[in-house]
Amino acid sequence: MSTDTAAPGLVVEVGGTAPGRPAVGRAFRALLWRDVFVTGRELVPFLLQVVLQPVFLLFVFGKVLVELGFATSQYSDVLLPGVIALTAFLTALQNTAFPLVIDFSFTKEIEDRLLAPLPTALVAVEKVVFALLRALVAAAVMFPISWWVLGTLPVEWGDLPALTAFLVLGSLVGAVMGMTLGTFVKPNRINIVFAVVLTPVLFTGSTQFPWQALDTLRWFQVVCALNPLTYVSEALRAQMAPGVPHLPLWLCAVALAGFLVVFGVTSLIGFRRRALD
Amino acid sequence: MDTGGAQRPADPAVQVTDLVKRYPGRPVNAVDGISFAVQRGEVFGLLGPNGAGKTTTIGVLTTRVLPTSGAASVAGVDVAADPVTARSRLSVVPQRPNLDRALTARQNLVFHAAYHGVGRAERNRRADALLEQLGLGGRGGDKVDDYSGGMAQRLLIARALMHAPQVVFLDEPSTGLDPQARLFVWDRVRELRDGGITVLLTTHDMDEAATLSDRVGIMDSGRLLALDTPAALTRSLPGSATLDIDVERAPEDTGEAVLAALASLAERVEQVEQVADGSGLRARLYLSGDAAALVGPVSEALAARRARLTGVRIGEPSLEDVFLSLTGRELR
């Protein structure tokens, strides 16, 4: 019995001869397609969710304060790269943390994907890749919006490769940090942890100020150096506002790669702990 | 341990050998050294109370729980050594619905097949066929949130079949379903067997185990206490039939004396158990012969003690009785 429908048995096809090794690559692409498919249907809510906060940040600090004379127009040069870095980083972080807590602890919807024929670690990697895609979309949308809010956009085509590279790197770090939080924190504590983690990340990521200018506030400079977001902001600033003091690109790349390795390992450990008993 | 007369010991669909699972920080093993084999095309039931280790056993076999020691294989694949291949040959109908609520019912089926590498045309064809077979035709476009418990259970069964697995695991398949939905699920399980699929189900419902399973393994506290066909398990009890009687005994008589009198009534009474003693006495007689023929002698014996027979029920011994005799406890 190889085909079925009219057959009395409730069966599409008997798995008679044992198939070979399953196609892991196809399974991975199908998982990714599922996430993209679901997001595609709710693109507008998704964009509102991730873009609204940075847009207001940009508008109030980059436009309103400048118009009122409390900040100079150079300040928007400092702010814009930071806000784009923030958008990518936090979008990625939130996209791995919250859904995983809900999936693992309450709906268990992820179980069907954990039973797909691919290694458990690749299910985690798919989540990270998907978070990266969402973060890049959010960051990309920020460029035209910034142009609309500020009236200028200090980006040239030649900046794109480096900007893309650091947005990818920064989003990956955000995604693995999010997965680490989402898999290690107890579900009933996740709201508290987010409040305690997100706000400091938001304000110590050198998004609203250049890191090197913190010389006079040494302890805060040290704190900011521990936040991976600092290196994304600084790298983007190097491209978009070269006149503002910034960390060298190579240093940003090394720091982000280091964070990626550390949190990459912790996120895989955390995911495995939740996926397997 | 009796493995129930396995006819084809070679090439079983499921093989479990000395399986142990201990969760970190727990004082006892959740699964404590069990071994059994399920033949291809067989419906195998694991029967036991909650906490017996059934779900953990299924968890190991479906690659979601890592065994502490021992070996387990499904469709010829070692689940611990090669979980990826094992997952392509098995599927799971979980105890609690875990449908993808961001998708419609039909999309749940189609995406599941896509995860398993089934081609686009084929997975669409299978989804439509299975929705129809499970009585969900026309409801495929609904969000799964709108599904009732019974419909969700049917959709879970359909999803489990989308990648043509060789072994299907059903964890408490009818828990929480109304009687009609339960019968529907039972019929589908029989159809699975007719289609040549091996089924391993867990249940704490002895009716379900006895009705559906070719063989039943009885589990308690992580151990497999007995394993055989439902008929052979009940035959292993002291008697082949039971007679439950309610007695209103004389005021000066004692329950023990009445039981003793009943036990000595005939050779055919193999065992007498006091089931309950509230206002009256309720006893269960395990018999080797015809239960109906003994009702008269019992009544006379009681009359002689000035006791009154107030209720009689003749029964075949059930798996519940087997569990009772193995553990000294009721199943639930």
Side-chain angles (χ1 to χ4, degrees), chain A residues 1-35 37-42 99 102-104 106-123 126 272-277, chain B residues 21 23 56 59 62-66 75-77 82-92 94 96-103 107-108 111-117 122 125-126 128-130 132-134 157 159 161-167 187-197:
Chain A
M1 200 194 300
S2 62
T3 53
D4 71 69
T5 29
L10 179 66
V11 142
V12 267
E13 186 174 278
V14 175
T17 52
R21 290 216 28 106
V24 169
R26 283 179 82 173
F28 186 87
R29 284 198 301 278
L31 292 189
L32 194 57
W33 168 235
R34 181 261 170 210
D35 283 341
F37 175 82
V38 170
T39 301
R41 289 185 323 190
E42 46 194 38
I102 294 167
D103 257 7
F104 274 127
F106 304 109
T107 66
K108 312 275 185 193
E109 283 176 35
I110 202 170
E111 283 180 345
D112 191 40
R113 279 162 270 168
L114 292 171
L115 287 169
L118 75 172
T120 303
L122 282 184
V123 182
E126 186 276 328
R272 198 179 152 78
R273 264 179 21 144
R274 296 305 302 266
L276 301 174
D277 274 330
Chain B
K21 175 62 186 180
Y23 290 104
T56 301
T62 57
T63 75
R64 290 294 312 284
V65 176
L66 300 172
V77 181
D82 188 1
V84 175
T85 304
R87 282 175 207 147
S88 70
R89 298 185 188 180
L90 63 84
S91 65
V92 184
R96 245 190 63 191
N98 60 2
L99 294 162
D100 193 333
R101 293 188 302 173
L103 302 175
Q107 285 164 352
N108 262 278
F111 272 101
H112 175 91
Y115 304 156
H116 285 268
E122 177 64 11
R125 190 188 69 77
R126 287 185 190 180
D128 291 332
L130 281 168
E132 202 60 49
Q133 284 177 316
L134 286 157
I157 293 175
R159 186 182 72 182
L161 299 176
M162 281 298 291
H163 66 282
Q166 297 176 36
V167 183
D187 283 342
R188 300 294 84 72
V189 171
R190 293 189 188 102
E191 288 178 12
L192 286 180
R193 178 178 50 188
D194 295 344
I197 291 180

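Note on naming: letters A, B, ... go to the chains in the order of the sequence lines (proteins, then strands), and numbering restarts at 1 for each one. Being a predicted model, the structure only gives us computed values, none of them experimental. The analysis underlying the following values was restricted to heavy atoms, covering all of them including side chains, and did not include hydrogens, waters or symmetry mates.
- Only the side chain of Phe37(A) comes within contact range of chain B, with heavy atoms under 4.5 Å apart.
- Among Arg34(A), Glu42(A), Arg113(A), the residue making the largest number of heavy-atom pairs under 4.5 Å with chain B is Arg34(A).
- Atom CG of Leu66(B) sits about 5.0 Å away from atom CG of Leu276(A), to the nearest 0.5 Å.
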Check the pair Asp112(A) / Asn108(B) against side chain to side chain contact (heavy atoms under 4.5 Å, CB included), numbers first and verdict last. CA-CA 10 Å; Asp112(A) 191 40; Asn108(B) 262 278; 5.8 Å; no
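- Using a 4.5 Å heavy-atom threshold, the side chains of Thr120(A) and Thr63(B) count as separate.
- Using a 4.5 Å cut-off between heavy atoms, Arg101(B) contacts chain A through both its backbone and its side chain.
- Proximity to chain B (any heavy atom under 4.5 Å) is restricted, for Leu118(A), to the backbone atoms N, CA, C and O.
- Looking at Asp128(B), there are no atoms closer than 4.5 Å to chain A (heavy atoms on both sides), in backbone or side chain.
- Within the 4.5 angstrom heavy-atom criterion, no atom of Arg29(A) approaches chain B.
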Test Phe111(B) against Asp100(B) for side chain to side chain contact (heavy atoms under 4.5 Å, CB included), laying out the working first. CA-CA 10 Å; Phe111(B) 272 101; Asp100(B) 193 333; over 6 Å; no
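- Partner Asn98(B) forms a side-chain hydrogen bond (donor to acceptor under 3.5 Å, both in side chains) with one of Lys108(A), Glu111(A), Glu109(A) and no other, that one being Glu111(A).
- For Arg159(B), the part lying near chain A is the side chain, with the backbone staying farther off; criterion is any non-hydrogen pair under 4.5 Å.
- In the displayed structure, Arg272(A) atom CZ is contacted under 6.0 Å by at most 12 heavy atoms of other residues, nucleotides or ligands.
- Within the 4.5 angstrom heavy-atom criterion, only backbone atoms of Leu99(B) (N, CA, C, O) approach chain A.
- With a threshold of 4.5 angstrom between heavy atoms, Glu132(B) does not approach chain A through any atom at all.
- Of the residues considered (Ala27(A), Pro117(A), Ala30(A)), Pro117(A) shows the highest number of contacts with chain B, using heavy-atom pairs under 4.5 Å.
- Heavy-atom pairs under 4.5 Å with chain A were tallied for Arg96(B), Arg190(B), His116(B); the largest tally goes to His116(B).
- No part of Val77(B) comes within reach of chain A, as not one of its non-hydrogen atoms sits under 4.5 angstrom from that chain.
- In this structure, His163(B) and His112(B) have tilted ring planes: the angle between them lies in the 30° to 60° band.
- Within the model, atoms OG1 of Thr56(B) and CZ of Arg64(B) stand 12.5 Å from one another, a figure rounded to the nearest 0.5 Å.
- Note: Thr107(A) leads Val24(A), Asp103(A), Thr107(A) in heavy-atom pairs under 4.5 Å with chain B.
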Hey, mind stepping through Leu114(A) and Phe104(A) against side chain to side chain contact (heavy atoms under 4.5 Å, CB included) and telling me if it holds? CA-CA 11 Å; Leu114(A) 292 171; Phe104(A) 274 127; 3.9 Å; yes
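- With a threshold of 4.5 angstrom between heavy atoms, Ala275(A) approaches chain B through N, CA, C or O but not through any side-chain atom.
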